[in-house]
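Report on one structure; see the data block that follows.
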Amino acid sequence: VADECRARGVSRVLAVNALTGPTSQLEVFQISKQLPVVLAGAVHKVAFVIRGGAEALEVSLFAENVAVNRGLNGRVFADEDTALAWLMAS
């Protein structure tokens with residue numbers, strides 16, 4: 001994603017995901033702490049829309065907290081309209 005953003009000059013990303021199934025908090029932590037590093041210099045703002053239900057949203061909010069605490073300008077949302085509004089705001 002970061003390489004495509006660099007290549008296309010895109011700095012805002014909307015990611016829609018239908019996460020399902022159990023994921024360990026350790027896995028979520030490991031992935032989330034890497035997001036700011038991987039996206040640095042390519043993505044200014046990222047909105048994640050989670051369509052996998054309440055459990056997936058809860059796990060994703062933990063992931064948001066981890067990533068934001070490490071410098072990611074990102075948020076998790078339950079619907080695309082709210083995510084797009086946040087993403088397009090300055």
Side-chain angles (χ1 to χ4, degrees):
V1 171
D3 290 341
E4 280 298 313
C5 287
R6 284 184 195 96
R8 297 174 187 266
V10 174
S11 64
R12 297 173 192 218
V13 173
L14 175 67
V16 180
N17 200 326
L19 298 172
T20 58
T23 304
S24 78
Q25 276 197 319
L26 180 59
E27 287 177 316
V28 171
F29 178 81
Q30 295 295 340
I31 292 167
S32 301
K33 76 177 189 177
Q34 291 301 315
L35 278 176
V37 175
V38 172
L39 299 178
V43 176
H44 169 70
K45 206 172 188 183
V46 59
F48 298 93
V49 178
I50 306 302
R51 293 185 175 164
E55 185 177 337
L57 186 59
E58 184 178 328
V59 169
S60 297
L61 289 170
F62 169 69
E64 173 191 301
N65 190 45
V66 171
V68 167
N69 284 342
R70 283 154 183 78
L72 184 73
N73 185 11
R75 289 218 21 223
V76 168
F77 299 90
D79 69 273
E80 281 186 53
D81 290 339
T82 307
L84 280 171
W86 176 82
L87 192 59
M88 299 313 294
S90 33

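Residue numbers count from 1 along this sequence.
Heavy-atom minimum distance, A89 versus R12: O-NH1, 3.4 Å. Across all their heavy atoms, V38 and A2 have their closest contact at O-CB, 3.4 Å. Minimum heavy-atom separation, P36 to A67: CG-O, 3.4 Å. Contact record, C5 with V13: SG-CG2, 3.5 Å, taken as the closest heavy-atom pair.
Within the 4.5 Å cutoff, no side-chain heavy atoms of V10 are placed close to those of E4. Side-chain contact between V46 and L72: present, with at least one pair of heavy atoms (C-beta onward) separated by less than 4.5 Å. F77 is not listed as a side-chain neighbour of L87, based on a closest heavy-atom distance of 4.5 Å or more.
Residues meeting the side chain to side chain contact (heavy atoms under 4.5 Å, CB included) test with E58, sequence neighbours left out: none.
Residues L84 and V16 are members of one and the same hydrophobic cluster, defined by side-chain heavy-atom contacts under 4.5 angstrom among Ile, Leu, Val, Met, Phe, Trp and Tyr. A continuous path of ILVMFWY side-chain contacts below 4.5 Å connects V76 to L39, so both sit in one hydrophobic cluster. Cluster annotation: L14 and V43 are assigned to distinct hydrophobic clusters (Ile/Leu/Val/Met/Phe/Trp/Tyr, side-chain heavy-atom contacts under 4.5 Å, transitive). Note on I50: it clusters hydrophobically with L61, by side-chain heavy-atom contacts below 4.5 Å among ILVMFWY residues.
Atom CD in E80 sits 4.5 Å away from atom CZ in R51 (nearest 0.5 Å). Distance check: N65 CG to F29 CZ gives 10.5 Å after rounding to the nearest 0.5 Å. Taking CD of E55 as the start and OG of S60 as the end, the distance is 10.5 Å to the nearest 0.5 Å. Taken to the nearest 0.5 Å, the CG atom of D3 stands 12.0 Å off from the CZ atom of R8. Annotation: the span from W86 atom CH2 to N73 atom CG amounts to 4.5 Å, rounded to 0.5 Å.
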